[in-house]
Participant: 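Handing you this structure, nothing more for now.
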Amino acid sequence: MQMQIQSLFLISIFFSLLSSPTLSLTLPSDIAALADFKSIITSPRRLSCLSTWNFTASDPCEFPCGISCARSDPNCYSRIIAITLDPIGYSARLPDSLANLTALQHLDLSGNAFYNRIPGSLFTLPSLKTLVLASNSFTGLIPASVVKASALQKLDLSRNSITGSVPQFLSSLSSLTTLDLSYNRLSGPIPDTLPLNLVQLALRGNSITGFLKQSAFAPLGSIQVIELAENRLQGKLESWFFLLPSLQQVNLSNNSFTGISVQSPTASNTNQLVAIDLGFNQIKGTLPVQLAQFGSLVAVSLRHNALTGPVPAEYCMAKKGVGFRRLLLDGNFLSGEVPEGFFEIKDFVGSFGDNCLERCPDSMAFCSPAQKPQSICKRKQHTNWF
(Lines give C-alpha, C1' and ligand atoms only; values in the text may rest on other atoms or scores of the structure.)
Protein backbone atom coordinates (compact mmCIF):
# COMPACT_ATOMS: atom_id res chain seq x y z
CA MET A 1 0.00 0.00 0.00
CA GLN A 2 2.84 2.34 0.90
CA MET A 3 4.60 1.57 -2.42
CA GLN A 4 1.40 2.43 -4.33
CA ILE A 5 1.13 5.78 -2.54
CA GLN A 6 4.80 6.49 -3.27
CA SER A 7 4.33 5.62 -6.94
CA LEU A 8 1.33 7.92 -7.22
CA PHE A 9 3.33 10.68 -5.55
CA LEU A 10 6.22 10.28 -8.04
CA ILE A 11 3.81 10.26 -10.97
CA SER A 12 2.20 13.48 -9.74
CA ILE A 13 5.63 15.13 -9.44
CA PHE A 14 6.52 13.96 -12.95
CA PHE A 15 3.43 15.54 -14.46
CA SER A 16 3.85 18.72 -12.44
CA LEU A 17 7.40 19.02 -13.76
CA LEU A 18 6.18 18.54 -17.29
CA SER A 19 3.73 21.37 -16.82
CA SER A 20 6.32 23.66 -15.22
CA PRO A 21 7.15 26.61 -17.51
CA THR A 22 10.77 26.55 -16.40
CA LEU A 23 11.22 23.10 -17.91
CA SER A 24 9.34 23.68 -21.15
CA LEU A 25 11.26 22.60 -24.21
CA THR A 26 10.71 23.95 -27.70
CA LEU A 27 10.53 21.51 -30.56
CA PRO A 28 14.10 21.23 -31.98
CA SER A 29 12.97 22.00 -35.55
CA ASP A 30 11.33 25.19 -34.28
CA ILE A 31 14.55 26.19 -32.53
CA ALA A 32 16.57 25.59 -35.68
CA ALA A 33 14.20 27.66 -37.83
CA LEU A 34 14.14 30.52 -35.33
CA ALA A 35 17.94 30.49 -34.94
CA ASP A 36 18.33 30.60 -38.71
CA PHE A 37 15.94 33.55 -38.89
CA LYS A 38 17.89 35.48 -36.25
CA SER A 39 21.26 34.72 -37.84
CA ILE A 40 20.49 36.55 -41.07
CA ILE A 41 18.94 39.68 -39.54
CA THR A 42 20.86 42.93 -39.35
CA SER A 43 19.80 45.07 -36.39
CA PRO A 44 20.36 48.84 -36.30
CA ARG A 45 20.59 48.76 -32.50
CA ARG A 46 22.74 46.80 -30.11
CA LEU A 47 19.89 46.56 -27.58
CA SER A 48 16.66 45.26 -29.05
CA CYS A 49 14.12 42.51 -28.66
CA LEU A 50 16.17 40.36 -30.99
CA SER A 51 19.31 40.82 -28.86
CA THR A 52 17.56 39.02 -25.99
CA TRP A 53 17.22 35.83 -28.03
CA ASN A 54 20.05 33.83 -26.44
CA PHE A 55 19.72 30.25 -27.60
CA THR A 56 22.51 28.98 -25.32
CA ALA A 57 21.16 30.55 -22.13
CA SER A 58 17.45 29.78 -22.35
CA ASP A 59 14.75 28.02 -24.27
CA PRO A 60 13.13 30.14 -27.04
CA CYS A 61 9.74 29.82 -25.37
CA GLU A 62 11.25 31.64 -22.39
CA PHE A 63 12.70 34.53 -24.39
CA PRO A 64 11.57 37.79 -22.76
CA CYS A 65 9.99 39.24 -25.89
CA GLY A 66 8.90 38.51 -29.43
CA ILE A 67 7.92 34.86 -29.03
CA SER A 68 4.72 33.14 -27.92
CA CYS A 69 4.42 29.41 -27.47
CA ALA A 70 1.87 26.73 -26.77
CA ARG A 71 2.30 23.11 -25.75
CA SER A 72 0.53 21.11 -28.39
CA ASP A 73 3.12 18.61 -29.56
CA PRO A 74 2.22 14.98 -28.66
CA ASN A 75 5.74 14.55 -27.26
CA CYS A 76 5.15 17.45 -24.82
CA TYR A 77 7.33 19.88 -26.75
CA SER A 78 6.25 23.51 -26.88
CA ARG A 79 5.60 25.00 -30.29
CA ILE A 80 6.22 28.56 -31.44
CA ILE A 81 2.84 30.01 -32.40
CA ALA A 82 3.63 33.75 -32.72
CA ILE A 83 6.55 36.00 -33.65
CA THR A 84 6.25 39.76 -33.16
CA LEU A 85 9.34 41.87 -33.70
CA ASP A 86 9.78 45.41 -32.45
CA PRO A 87 9.64 48.03 -35.27
CA ILE A 88 13.21 49.35 -35.18
CA GLY A 89 14.43 48.71 -38.72
CA TYR A 90 15.58 45.09 -38.75
CA SER A 91 16.82 44.18 -42.21
CA ALA A 92 17.03 40.84 -44.01
CA ARG A 93 15.63 38.77 -46.83
CA LEU A 94 13.09 36.43 -45.28
CA PRO A 95 14.34 32.81 -45.33
CA ASP A 96 12.30 29.85 -46.50
CA SER A 97 13.18 28.17 -43.21
CA LEU A 98 10.37 30.15 -41.53
CA ALA A 99 8.04 27.64 -43.18
CA ASN A 100 9.46 25.01 -40.79
CA LEU A 101 7.60 26.71 -37.93
CA THR A 102 4.59 24.60 -38.76
CA ALA A 103 2.57 25.65 -35.68
CA LEU A 104 3.01 29.38 -36.35
CA GLN A 105 -0.27 31.27 -36.23
CA HIS A 106 0.80 34.92 -36.08
CA LEU A 107 3.75 36.66 -37.75
CA ASP A 108 4.17 40.42 -37.33
CA LEU A 109 7.34 42.00 -38.74
CA SER A 110 5.87 45.45 -39.39
CA GLY A 111 7.83 48.67 -39.20
CA ASN A 112 11.18 47.26 -40.26
CA ALA A 113 13.31 47.03 -43.41
CA PHE A 114 12.85 43.47 -44.61
CA TYR A 115 13.25 43.36 -48.36
CA ASN A 116 13.07 41.36 -51.59
CA ARG A 117 10.10 39.19 -52.51
CA ILE A 118 7.77 37.73 -49.92
CA PRO A 119 8.64 34.02 -49.85
CA GLY A 120 5.78 31.91 -51.12
CA SER A 121 6.69 29.25 -48.57
CA LEU A 122 5.20 31.42 -45.80
CA PHE A 123 1.73 30.67 -47.09
CA THR A 124 2.24 26.93 -46.73
CA LEU A 125 2.12 27.29 -42.94
CA PRO A 126 -1.02 25.29 -42.12
CA SER A 127 -2.07 27.28 -39.04
CA LEU A 128 -1.16 30.82 -40.14
CA LYS A 129 -3.96 33.22 -39.17
CA THR A 130 -2.26 36.62 -39.14
CA LEU A 131 0.48 37.88 -41.45
CA VAL A 132 1.50 41.50 -40.93
CA LEU A 133 4.44 42.66 -43.04
CA ALA A 134 3.43 46.33 -43.23
CA SER A 135 5.96 49.16 -43.57
CA ASN A 136 8.91 47.21 -44.93
CA SER A 137 10.64 47.14 -48.33
CA PHE A 138 9.12 44.07 -49.96
CA THR A 139 8.93 44.01 -53.74
CA GLY A 140 7.51 41.80 -56.48
CA LEU A 141 4.12 40.20 -56.86
CA ILE A 142 1.85 38.75 -54.20
CA PRO A 143 2.77 35.04 -54.26
CA ALA A 144 0.24 32.73 -55.87
CA SER A 145 0.84 30.30 -53.00
CA VAL A 146 -1.30 32.56 -50.80
CA VAL A 147 -4.22 30.34 -51.84
CA LYS A 148 -2.74 27.62 -49.63
CA ALA A 149 -3.20 29.74 -46.49
CA SER A 150 -6.70 28.48 -45.82
CA ALA A 151 -6.63 29.58 -42.15
CA LEU A 152 -5.49 33.15 -42.91
CA GLN A 153 -7.72 35.79 -41.33
CA LYS A 154 -5.62 38.95 -41.62
CA LEU A 155 -3.21 39.88 -44.41
CA ASP A 156 -1.51 43.26 -44.09
CA LEU A 157 1.14 44.02 -46.72
CA SER A 158 0.62 47.79 -46.67
CA ARG A 159 3.39 50.34 -47.21
CA ASN A 160 5.77 48.23 -49.26
CA SER A 161 6.68 48.28 -52.95
CA ILE A 162 4.57 45.36 -54.13
CA THR A 163 3.70 45.46 -57.83
CA GLY A 164 1.19 43.83 -60.16
CA SER A 165 -2.56 43.80 -59.72
CA VAL A 166 -4.80 42.78 -56.85
CA PRO A 167 -4.88 39.03 -57.54
CA GLN A 168 -8.15 37.35 -58.41
CA PHE A 169 -7.00 34.27 -56.49
CA LEU A 170 -7.35 36.11 -53.17
CA SER A 171 -11.09 35.39 -53.42
CA SER A 172 -10.39 31.77 -52.48
CA LEU A 173 -9.37 32.80 -48.94
CA SER A 174 -12.65 32.06 -47.21
CA SER A 175 -11.31 32.80 -43.71
CA LEU A 176 -9.88 36.21 -44.60
CA THR A 177 -11.60 39.11 -42.82
CA THR A 178 -8.96 41.87 -43.12
CA LEU A 179 -7.05 42.69 -46.31
CA ASP A 180 -4.75 45.73 -46.38
CA LEU A 181 -2.63 46.33 -49.47
CA SER A 182 -2.50 50.11 -49.11
CA TYR A 183 0.42 52.21 -50.31
CA ASN A 184 2.07 49.82 -52.70
CA ARG A 185 2.51 49.98 -56.46
CA LEU A 186 -0.53 47.99 -57.46
CA SER A 187 -2.38 48.75 -60.67
CA GLY A 188 -5.26 47.43 -62.72
CA PRO A 189 -8.88 46.94 -61.67
CA ILE A 190 -10.38 45.55 -58.50
CA PRO A 191 -10.99 41.80 -59.05
CA ASP A 192 -14.44 40.62 -60.13
CA THR A 193 -14.68 38.57 -56.93
CA LEU A 194 -13.33 39.27 -53.45
CA PRO A 195 -12.98 37.10 -50.32
CA LEU A 196 -16.56 36.57 -49.22
CA ASN A 197 -16.04 37.11 -45.49
CA LEU A 198 -14.12 40.37 -45.69
CA VAL A 199 -14.84 42.86 -42.92
CA GLN A 200 -12.16 45.40 -43.83
CA LEU A 201 -10.76 46.11 -47.30
CA ALA A 202 -7.99 48.69 -47.72
CA LEU A 203 -6.34 49.37 -51.07
CA ARG A 204 -5.52 53.03 -50.50
CA GLY A 205 -2.65 54.80 -52.23
CA ASN A 206 -2.11 52.61 -55.29
CA SER A 207 -2.87 53.10 -58.99
CA ILE A 208 -6.02 51.00 -59.14
CA THR A 209 -8.28 51.81 -62.07
CA GLY A 210 -11.75 51.02 -63.33
CA PHE A 211 -15.19 51.05 -61.76
CA LEU A 212 -16.76 49.68 -58.58
CA LYS A 213 -18.54 46.55 -59.73
CA GLN A 214 -21.67 45.36 -58.01
CA SER A 215 -20.67 41.77 -58.76
CA ALA A 216 -17.55 42.20 -56.62
CA PHE A 217 -19.02 44.05 -53.64
CA ALA A 218 -22.66 42.96 -53.34
CA PRO A 219 -21.79 39.44 -52.06
CA LEU A 220 -19.77 40.92 -49.16
CA GLY A 221 -22.41 40.65 -46.47
CA SER A 222 -19.96 41.35 -43.63
CA ILE A 223 -17.96 44.23 -45.10
CA GLN A 224 -17.76 47.16 -42.68
CA VAL A 225 -14.84 49.26 -43.90
CA ILE A 226 -13.92 50.06 -47.52
CA GLU A 227 -10.81 52.20 -47.94
CA LEU A 228 -10.03 52.90 -51.62
CA ALA A 229 -8.77 56.50 -51.44
CA GLU A 230 -5.90 57.83 -53.56
CA ASN A 231 -6.36 55.65 -56.61
CA ARG A 232 -7.59 56.17 -60.17
CA LEU A 233 -11.10 54.81 -59.86
CA GLN A 234 -13.79 56.42 -61.99
CA GLY A 235 -17.41 56.35 -63.03
CA LYS A 236 -20.61 56.95 -61.14
CA LEU A 237 -21.18 55.69 -57.60
CA GLU A 238 -24.43 53.76 -57.73
CA SER A 239 -27.02 53.49 -54.96
CA TRP A 240 -26.40 49.77 -54.29
CA PHE A 241 -22.96 50.59 -52.91
CA PHE A 242 -24.27 52.69 -50.02
CA LEU A 243 -26.85 50.04 -49.14
CA LEU A 244 -24.40 47.22 -48.41
CA PRO A 245 -25.93 45.78 -45.21
CA SER A 246 -22.91 45.91 -42.88
CA LEU A 247 -21.07 48.89 -44.35
CA GLN A 248 -20.02 51.50 -41.77
CA GLN A 249 -17.09 53.49 -43.17
CA VAL A 250 -16.27 54.42 -46.76
CA ASN A 251 -13.30 56.41 -48.03
CA LEU A 252 -13.20 56.93 -51.79
CA SER A 253 -11.50 60.33 -51.72
CA ASN A 254 -8.87 61.42 -54.23
CA ASN A 255 -10.14 59.40 -57.17
CA SER A 256 -11.90 60.40 -60.40
CA PHE A 257 -15.54 59.59 -59.69
CA THR A 258 -17.92 61.81 -61.66
CA GLY A 259 -21.36 61.11 -60.25
CA ILE A 260 -23.30 59.78 -57.30
CA SER A 261 -26.69 58.13 -56.96
CA VAL A 262 -28.17 57.54 -53.50
CA GLN A 263 -31.34 55.67 -52.60
CA SER A 264 -32.96 55.93 -49.18
CA PRO A 265 -32.68 52.77 -47.07
CA THR A 266 -35.87 50.75 -46.84
CA ALA A 267 -37.44 49.65 -43.58
CA SER A 268 -36.00 46.17 -44.09
CA ASN A 269 -32.50 47.49 -44.79
CA THR A 270 -30.45 47.49 -41.57
CA ASN A 271 -28.07 50.18 -42.82
CA GLN A 272 -25.16 50.95 -40.50
CA LEU A 273 -23.33 53.59 -42.52
CA VAL A 274 -21.55 56.05 -40.21
CA ALA A 275 -19.00 57.93 -42.33
CA ILE A 276 -18.50 58.69 -46.05
CA ASP A 277 -15.53 60.48 -47.58
CA LEU A 278 -15.91 61.29 -51.29
CA GLY A 279 -13.75 64.39 -51.26
CA PHE A 280 -11.40 65.43 -54.07
CA ASN A 281 -13.18 63.71 -56.93
CA GLN A 282 -14.98 65.17 -59.95
CA ILE A 283 -18.54 64.53 -58.82
CA LYS A 284 -21.14 66.66 -60.59
CA GLY A 285 -24.83 67.19 -59.91
CA THR A 286 -26.54 68.18 -56.69
CA LEU A 287 -26.13 67.00 -53.12
CA PRO A 288 -28.16 63.79 -52.61
CA VAL A 289 -31.00 64.68 -50.25
CA GLN A 290 -31.40 60.94 -49.54
CA LEU A 291 -28.30 61.01 -47.32
CA ALA A 292 -30.55 62.54 -44.65
CA GLN A 293 -32.40 59.20 -44.47
CA PHE A 294 -29.36 57.24 -43.28
CA GLY A 295 -30.01 57.13 -39.55
CA SER A 296 -26.48 56.27 -38.40
CA LEU A 297 -24.68 58.58 -40.82
CA VAL A 298 -22.91 61.36 -38.91
CA ALA A 299 -19.92 62.29 -41.09
CA VAL A 300 -19.93 63.19 -44.80
CA SER A 301 -17.19 64.75 -46.91
CA LEU A 302 -17.92 65.83 -50.48
CA ARG A 303 -15.37 68.62 -50.50
CA HIS A 304 -13.60 69.72 -53.66
CA ASN A 305 -15.91 68.28 -56.27
CA ALA A 306 -18.09 70.02 -58.87
CA LEU A 307 -21.43 69.96 -57.06
CA THR A 308 -24.04 72.64 -57.66
CA GLY A 309 -27.43 73.61 -56.22
CA PRO A 310 -28.41 74.19 -52.59
CA VAL A 311 -27.46 72.50 -49.35
CA PRO A 312 -30.59 70.42 -48.64
CA ALA A 313 -32.53 71.70 -45.64
CA GLU A 314 -33.18 68.05 -44.79
CA TYR A 315 -29.52 67.70 -43.81
CA CYS A 316 -30.29 69.90 -40.85
CA MET A 317 -34.02 69.95 -40.19
CA ALA A 318 -35.11 66.44 -41.17
CA LYS A 319 -32.05 64.25 -40.59
CA LYS A 320 -33.19 60.77 -39.61
CA GLY A 321 -31.66 59.20 -36.50
CA VAL A 322 -28.47 60.92 -35.38
CA GLY A 323 -27.81 64.39 -36.80
CA PHE A 324 -24.76 65.21 -38.88
CA ARG A 325 -21.77 66.02 -36.69
CA ARG A 326 -19.29 66.53 -39.54
CA LEU A 327 -20.27 67.88 -42.94
CA LEU A 328 -17.47 69.00 -45.28
CA LEU A 329 -18.72 70.62 -48.50
CA ASP A 330 -16.08 73.26 -49.28
CA GLY A 331 -14.59 73.65 -52.74
CA ASN A 332 -17.76 73.09 -54.80
CA PHE A 333 -20.21 75.43 -56.55
CA LEU A 334 -23.08 75.17 -54.08
CA SER A 335 -25.53 78.06 -54.13
CA GLY A 336 -28.42 79.47 -52.13
CA GLU A 337 -28.43 79.97 -48.38
CA VAL A 338 -26.96 77.73 -45.73
CA PRO A 339 -29.85 76.23 -43.70
CA GLU A 340 -30.06 78.29 -40.52
CA GLY A 341 -30.20 75.24 -38.29
CA PHE A 342 -26.50 74.53 -38.88
CA PHE A 343 -25.64 77.75 -37.05
CA GLU A 344 -27.34 76.42 -33.93
CA ILE A 345 -25.99 72.85 -33.71
CA LYS A 346 -23.58 72.46 -30.80
CA ASP A 347 -20.23 70.80 -31.56
CA PHE A 348 -20.99 70.76 -35.27
CA VAL A 349 -17.93 70.58 -37.56
CA GLY A 350 -18.61 71.86 -41.05
CA SER A 351 -16.94 73.51 -44.01
CA PHE A 352 -19.06 75.44 -46.49
CA GLY A 353 -16.38 77.82 -47.78
CA ASP A 354 -15.14 78.20 -51.34
CA ASN A 355 -18.63 77.79 -52.81
CA CYS A 356 -21.23 80.20 -54.21
CA LEU A 357 -23.37 80.37 -51.08
CA GLU A 358 -25.22 83.39 -49.74
CA ARG A 359 -25.33 84.58 -46.15
CA CYS A 360 -22.46 82.44 -44.98
CA PRO A 361 -20.50 84.99 -42.93
CA ASP A 362 -16.72 84.73 -42.78
CA SER A 363 -17.00 85.14 -39.02
CA MET A 364 -18.41 81.62 -38.83
CA ALA A 365 -15.61 79.05 -38.81
CA PHE A 366 -17.45 76.68 -41.12
CA CYS A 367 -17.94 79.43 -43.73
CA SER A 368 -14.19 79.78 -44.20
CA PRO A 369 -12.52 80.19 -46.63
CA ALA A 370 -14.42 82.93 -48.43
CA GLN A 371 -16.96 82.13 -51.13
CA LYS A 372 -15.91 82.11 -54.78
CA PRO A 373 -16.07 85.38 -56.74
CA GLN A 374 -19.47 86.05 -58.33
CA SER A 375 -17.90 86.00 -61.78
CA ILE A 376 -16.87 82.38 -61.35
CA CYS A 377 -20.23 81.40 -59.89
CA LYS A 378 -22.14 83.06 -62.75
CA ARG A 379 -19.90 81.39 -65.32
CA LYS A 380 -20.54 77.99 -63.71
CA GLN A 381 -24.27 78.66 -63.59
CA HIS A 382 -24.23 79.59 -67.26
CA THR A 383 -22.43 76.41 -68.30
CA ASN A 384 -24.93 74.33 -66.31
CA TRP A 385 -27.80 75.84 -68.30
CA PHE A 386 -26.21 74.57 -71.46
Side-chain angles (χ1 to χ4, degrees), residues 105-108 123 126-134 142 146-158 165-184 186 189-206 208 210-229 231 233 237-253 255 260-278 290-291 293-300 320-322:
Q105 298 177 19
H106 308 283
L107 179 62
D108 186 345
F123 298 103
S127 302
L128 189 65
K129 296 179 180 179
T130 303
L131 180 61
V132 181
L133 302 179
I142 297 173
V146 70
V147 299
K148 299 178 181 178
S150 58
L152 195 62
Q153 299 173 4
K154 179 178 181 179
L155 179 61
D156 186 351
L157 307 180
S158 61
S165 59
V166 180
Q168 180 76 49
F169 53 68
L170 289 175
S171 63
S172 67
L173 299 176
S174 59
S175 298
L176 196 68
T177 58
T178 301
L179 176 62
D180 193 345
L181 303 177
S182 301
Y183 295 107
N184 279 285
L186 298 170
I190 295 172
D192 291 335
T193 54
L194 293 164
L196 281 178
N197 292 309
L198 275 182
V199 176
Q200 299 183 37
L201 173 65
L203 303 175
R204 181 179 185 138
N206 285 284
I208 295 171
F211 307 88
L212 298 187
K213 300 176 183 177
Q214 187 172 4
S215 60
F217 287 91
L220 307 182
S222 300
I223 194 74
Q224 296 179 9
V225 179
I226 297 177
E227 169 61 89
L228 303 177
N231 279 290
L233 295 165
L237 294 166
E238 301 291 349
S239 57
W240 61 262
F241 182 78
F242 302 101
L243 295 175
L244 293 172
S246 300
L247 190 60
Q248 298 179 18
Q249 299 178 46
V250 174
N251 190 347
L252 304 178
S253 63
N255 278 284
I260 178 173
S261 176
V262 180
Q263 179 181 328
S264 299
T266 61
S268 60
N269 184 280
T270 56
N271 191 275
Q272 303 178 46
L273 197 57
V274 174
I276 301 173
D277 189 348
L278 304 178
Q290 294 88 349
L291 289 177
Q293 297 301 310
F294 287 73
S296 301
L297 188 62
V298 296
V300 172
K320 184 178 179 181
V322 183

Participant: Looking at every non-hydrogen atom in both residues, tell me the closest pair between Ser165 and Leu186 and how far apart they are.
Facilitator: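 Ser165 and Leu186 have their closest heavy atoms at O-CD2, 4.0 Å.
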Participant: Ignoring hydrogens and geometry, is there a side-chain-to-backbone donor-acceptor pair from Ser182 to Gly205 under 3.5 Å?
Facilitator: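 No: the side chain of Ser182 does not pair with the backbone of Gly205.
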Participant: Hey, are the side chains of Leu155 and Phe123 touching, using non-hydrogen atoms and a 4.5 Å cut-off?
Facilitator: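 Yes, their side chains come closer than 4.5 Å.
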Participant: Who are the side-chain contact (heavy atoms from CB on, under 4.5 Å) partners of Asn271, not counting sequence neighbours?
Facilitator: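 Asn271: side-chain contact (heavy atoms from CB on, under 4.5 Å) contacts with Leu243, Pro265, Asn269, Leu273, Phe294.
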Participant: Between Thr130 and Leu152, which heavy-atom pair has the shortest distance, and what is it?
Facilitator: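 Where Thr130 meets Leu152 most closely, the heavy atoms are N-CD1, 4.1 Å.
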Participant: How long is the gap from CG on Leu176 to CD on Gln200, to the nearest 0.5 Å?
Facilitator: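 It is 11.0 Å, given to the nearest 0.5 Å.
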Participant: So, do His106 and Lys129 sit near enough that their side-chain heavy atoms are less than 4.5 Å apart?
Facilitator: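 In contact.
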Participant: Ala151: which residues meet the side-chain contact (heavy atoms from CB on, under 4.5 Å) condition with it, sequence neighbours left out?
Facilitator: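 Scan of Ala151 (side-chain contact (heavy atoms from CB on, under 4.5 Å), adjacent residues dropped) gives none.
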Participant: For Ser239, give me all partners under side-chain contact (heavy atoms from CB on, under 4.5 Å), at least two apart in sequence or on another chain.
Facilitator: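 Per chain and number, Ser239 pairs via side-chain contact (heavy atoms from CB on, under 4.5 Å) with Ser261, Gln263.
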Participant: Side chains of Leu220 and Leu244: does their closest heavy-atom pair fall under 4.5 Å?
Facilitator: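 Heavy-atom side-chain distance check fails, nothing below 4.5 Å.
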Participant: Return all side-chain donor-acceptor pairs below 3.5 angstrom for residues 212-219, not counting sequence neighbours, or 'none' if the list is empty.
Facilitator:
| from | atom 1 | to | atom 2 | distance (Å) |
| --- | --- | --- | --- | --- |
| Lys213 | NZ | Asp192 | OD1 | 2.7 |

Participant: Let me confirm one number: the CG-OG1 distance from Leu201 to Thr177, rounded to the nearest 0.5 Å.
Facilitator: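 Those atoms lie 11.5 Å apart.
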Participant: Could you tell me if the side chain of Phe242 sits less than 4.5 Å from the side chain of Leu237, heavy atoms only?
Facilitator: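 Yes, close enough: below the 4.5 Å cut-off.
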Participant: So, taking the atom named OG in Ser174 and the one named CG in Asn197, what distance separates them when rounded to the nearest 0.5 Å?
Facilitator: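 That separation rounds to 6.5 Å.
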Participant: For the side chain of Asn255 and the backbone of Asn231, is there at least one donor-acceptor N/O pair under 3.5 Å apart?
Facilitator: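 Here the side-chain-to-backbone pair exists.
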Participant: Taking distance alone, no hydrogens or angles, what donor-acceptor pairs closer than 3.5 Å link side-chain atoms of residues 221-229 to residues at least two apart or in another chain?
Facilitator:
| from | atom 1 | to | atom 2 | distance (Å) |
| --- | --- | --- | --- | --- |
| Glu227 | OE1 | Arg204 | NH1 | 3.3 |
| Glu227 | OE1 | Asn251 | ND2 | 3.4 |
| Glu227 | OE2 | Ala229 | N | 3.2 |

Participant: Heavy atoms only: give me the nearest Leu181-Asn184 pair and the separation to one decimal.
Facilitator: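 Looking at all heavy atoms of both residues, the closest pair is O-ND2, 3.1 Å.
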Participant: What's the spacing between Leu198 CG and Thr178 OG1 if we round to 0.5 Å?
Facilitator: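 One gets 8.0 Å once the value is rounded to the nearest 0.5 Å.
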Participant: How long is the span from the CG atom in Leu179 to the CG atom in Leu203, to the nearest 0.5 Å?
Facilitator: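 With rounding to 0.5 Å, CG (Leu179) is 6.0 Å from CG (Leu203).
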Participant: Between Thr193 and Gln168, is there a side-chain donor-acceptor contact under 3.5 Å, judged purely by atom types and distance?
Facilitator: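 Thr193 and Gln168 do have a side-chain donor-acceptor pair below 3.5 Å.
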Participant: Of all residues at least two apart in sequence or in a different chain, which pass the side chain to side chain donor-acceptor pair (under 3.5 Å) check with Ser158?
Facilitator: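 Counting only residues at least two positions away or on another chain, Ser158 forms a side chain to side chain donor-acceptor pair (under 3.5 Å) with Asp156.
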Participant: Which heavy atom in Pro195 sits nearest to a heavy atom in Leu170, and how many Å separate them?
Facilitator: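 That would be CG-O, 3.2 Å.
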Participant: Between CD of Gln153 and CG of Leu128, what distance do you get to the nearest 0.5 Å?
Facilitator: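 If I round to the nearest 0.5 Å, the distance is 10.0 Å.
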